[in-house]
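Being a predicted model, the structure only gives us computed values, none of them experimental.
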Amino acid sequence: MSAATDVYLFKRQAPLERLRCSVVGVARHPKLIVGTAMAGMVGTLAAMLIVGNAGEIGAIAFVPWVALLAARLGPAAGGLVGAAAMALYAGAAETVGGPHDPVALVLRGAALVGVGAAAGLSSRRISADALELQATNALQRALLDSTVDGICFTDTTGALVFANAPLQSTVTELGLPQHGSVTDRLLALADRTTEPGRFRERMQELATSPAMSEDEFELTESGRVFRGSTAPVSRPDGTPVGRIWALREVTADRRLERLRDAFVTAVSHELRTPLTSLSGFLELLGDEQDSLALTSRTYLAAARRGTARLQRIVEDLLLVAQIEAQLLELRFEPIDLKQLVVAAVEAARPAADEKRIAVTLEIEGTLPLEADSARLGQVLDNLLSNAIKFTPTGGAVVLSASSQDGRRRIEITDNGSGIPHEELGQVFSRFYRASSATRRAIPGTGLGLVIARAIVEGHGGTISLDSLEGEGTKVTVTLPLCQPDGGTYR
């Protein structure tokens, strides 16, 4: 990081921290350390000679300098430095008078040699650990700097502690303030967003609440869209230490979604009008089909099927647009699920008979509930249509309806081609089609399950899909007996 970035990102260092940095800076100059230690040893010797009695100062005066030299030179050289220090002490004692006991001199010499070797060995280990830690920190920094998301970490007061390169770049582009907490800096963007009031409210909540969050905001002047998320960070014992923030620009994704939505809406509306006219003319021709030749009647039937399919596709596109705009309307009323299921099976039987697929209905008695019969019938039609399309000729489809745990349960099971396990998480995505469908050129738009899920969830129910490739698929729908504002049905 540059010096400017350091000033921008980090808090002002306390005096002790600045002192520590100064000491570390000095420690990075080995010649200065060796010179200082040697000067210290010479100075200690000179002090002994000036005082005139080596015993008053003692061999311990050489220990700091021996340790300092050993820390730089290593254990072997440290031992030699200890021996040299002992020689200086012995020489001073011989010159000015001092303890001449051989045993005392040997013990003091051994202590100095031991200090030198131990200091050198400890320094080597500390240096190795420091190098390993430095390499780990560099790797972690490189990993964070290589991410797509801008990431930063703040302490419990909200002060910025660390930020990666992508976030630094984004911060510079947006021209955020250089001081203050993260929320204070982000508040500078409020008036530049499309929803200033909501943006300020969210920043105030983030400043006081440590809970996880995820938000999006759009800049008015540039149209850039960002998604931000936060999460608390705690020690293993649960003590909070700060918060991690992530920021990603999603402008391209949002523009693509808007273009896609606009395209779907435009195509749907542009197709709907001519299809309505075409259907009307085909109905008029149908009234006179007895006077048409056999070939003409065949063409008329094909045109009717194609037009009907196009109309279903357009209606599905418009319905999906309503769902995503949260404009789906459901009209709840008391119905009998049994009647709805029977009608769906009868409607699907011609397509099943064409492929010689046996459709079995398993249901006993009436199953009253509150639901939108038209929309729920659409769910059953979509699910049965999928089951028949994906089941090979001669296969079987079973539809069962029952009451379980105070809810209505619908299961549609087939022994068709199934869906690969790795694709199950995407089957409810808009326009997604399983690879098994594309390989076999099975027609479809990838909207049926999206619509089915929206309608089921609009009823307060759930829908799930289990499948094994080559063995078949089972779709399960559960529905409550009644809606919150309706009656009770048992």
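Using a 3.5 Å distance cut-off with no hydrogens or angles, the side chains of Thr307 and Ser279 do not pair a donor with an acceptor. Asn164 and Thr147 share a donor-acceptor pair across their side chains, judged by distance under 3.5 Å alone.
By the 4.5 Å heavy-atom criterion applied to side chains, Ile244 and Thr230 are not counted as neighbours. Contact annotation: the side chain of Leu330 approaches that of Phe332 to within less than 4.5 Å [non-hydrogen atoms, C-beta and beyond]. When side chains are defined from C-beta on, Leu337 counts as touching Ile410, because their heavy atoms get closer than 4.5 Å. Leu399 has its side chain out of reach of Val359: every pair of non-hydrogen atoms, C-beta onward, lies at least 4.5 Å apart. Residues Ser400 and Glu411 are in side-chain contact: their nearest non-hydrogen atoms beyond the backbone lie under 4.5 Å apart. Taking the side chain as every heavy atom from C-beta outward, Glu469 and Ser417 never approach each other to under 4.5 Å. With contacts defined as side-chain heavy-atom distances shorter than 4.5 Å, the pair Thr170/Leu247 qualifies. Using a 4.5 Å heavy-atom threshold, the side chains of Leu361 and Val342 count as touching.
No side-chain donor-acceptor contact under 3.5 Å links His459 to the backbone of Glu370. Ser169 places no side-chain N or O within donor-acceptor distance of the main-chain N or O of Ala165, the cut-off being under 3.5 Å. Remark: the backbone N or O of Ser213 is not paired with any side-chain donor or acceptor of Arg202 at under 3.5 angstrom. Judged by distance alone, with hydrogens and angles left aside, the side-chain atoms of Asp414 form a donor-acceptor pair with the main-chain N or O of Gly416 at under 3.5 Å. In terms of modelled atom types and a separation under 3.5 Å, the side chain of Glu214 and the main chain of Arg227 share no donor-acceptor contact. Put simply, the side chain of Thr208 gets close to the backbone of Glu205: a donor and an acceptor are under 3.5 Å apart.
Not counting sequence neighbours, the partners of Asp145 by the salt bridge (charged side-chain N to carboxylate O under 4.0 Å, His left out) test are Arg141. Applying the salt bridge (charged side-chain N to carboxylate O under 4.0 Å, His left out) criterion to Arg248, with sequence neighbours excluded, gives Asp149. Scored by the side chain to side chain contact (heavy atoms under 4.5 Å, CB included) test, Thr360 finds Glu362, Val398 as partners (sequence neighbours excluded). Every residue meeting the side chain to side chain contact (heavy atoms under 4.5 Å, CB included) condition with Asp253, not counting sequence neighbours, appears here in chain and number order: Val250. By the side chain to side chain donor-acceptor pair (under 3.5 Å) test, Arg254 is found to be paired with Glu216, Glu257, residues two or more places apart in sequence or in another chain being considered. Partners of Asp353 according to the side chain to side chain contact (heavy atoms under 4.5 Å, CB included) rule, which considers only residues two or more places apart in sequence or in another chain, are Arg349. Checked against side chain to side chain donor-acceptor pair (under 3.5 Å), Thr251 has the following partners two or more places apart in sequence or in another chain: Glu249. For the salt bridge (charged side-chain N to carboxylate O under 4.0 Å, His left out) test, residues two or more places apart in sequence or in another chain that qualify with Glu173 are Arg224. Contacts of Phe217 classified as ring-ring contact (aromatic ring centres under 6.0 Å, His included), with partners at least two apart in sequence or in another chain: Phe199, Phe226. Contacts of Val450 classified as side chain to side chain contact (heavy atoms under 4.5 Å, CB included), with partners at least two apart in sequence or in another chain: Arg430.
A distance of 8.0 Å separates CD1 in Ile335 from CG in Asp372, rounded to the nearest 0.5 Å. Once rounded to the nearest 0.5 Å, the distance linking CD1 of Ile151 with OG of Ser229 reads 9.0 Å. Residue Leu144 holds its CG atom at 11.0 Å from SG of Cys152, rounded to the nearest 0.5 Å. Note that CG of Leu468 and CD1 of Ile419 are 10.5 Å apart. Values are rounded to the nearest 0.5 Å.
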Atom pairs and distances, side-chain donor-acceptor, residues 470-482, under 3.5 Å, sequence neighbours left out:
from, atom 1, to, atom 2, distance (Å)
Thr473, OG1, Ser467, OG, 2.8
Thr478, OG1, Thr462, OG1, 2.5

Decide yes or no on salt bridge (charged side-chain N to carboxylate O under 4.0 Å, His left out) for Arg331 and Glu329, but give the supporting numbers first. CA-CA 7 Å; Arg331 296 179 174 83; Glu329 294 184 1; 3.7 Å; yes
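Remark: Asp237 CG is packed, more than 12 non-hydrogen atoms of other residues, nucleotides or ligands lying under 6.0 Å away. In Gln404, the CD atom is crowded: over 12 heavy atoms of neighbouring residues, nucleotides or ligands sit closer than 6.0 Å.
Counting only residues at least two apart or on different chains, the side-chain hydrogen bond (donor to acceptor under 3.5 Å, both in side chains) pairs with a member in residues 186-197 are Asp191-Arg200, Arg192-Glu221, Glu195-Arg198.
None of Val341, Leu465, Val397 except one satisfies the side chain to side chain contact (heavy atoms under 4.5 Å, CB included) rule with Ile412; the exception is Val397. Of the candidates Asn382, Leu328, Val456, Asn382 is the only one forming a side chain to side chain contact (heavy atoms under 4.5 Å, CB included) with Ile451.
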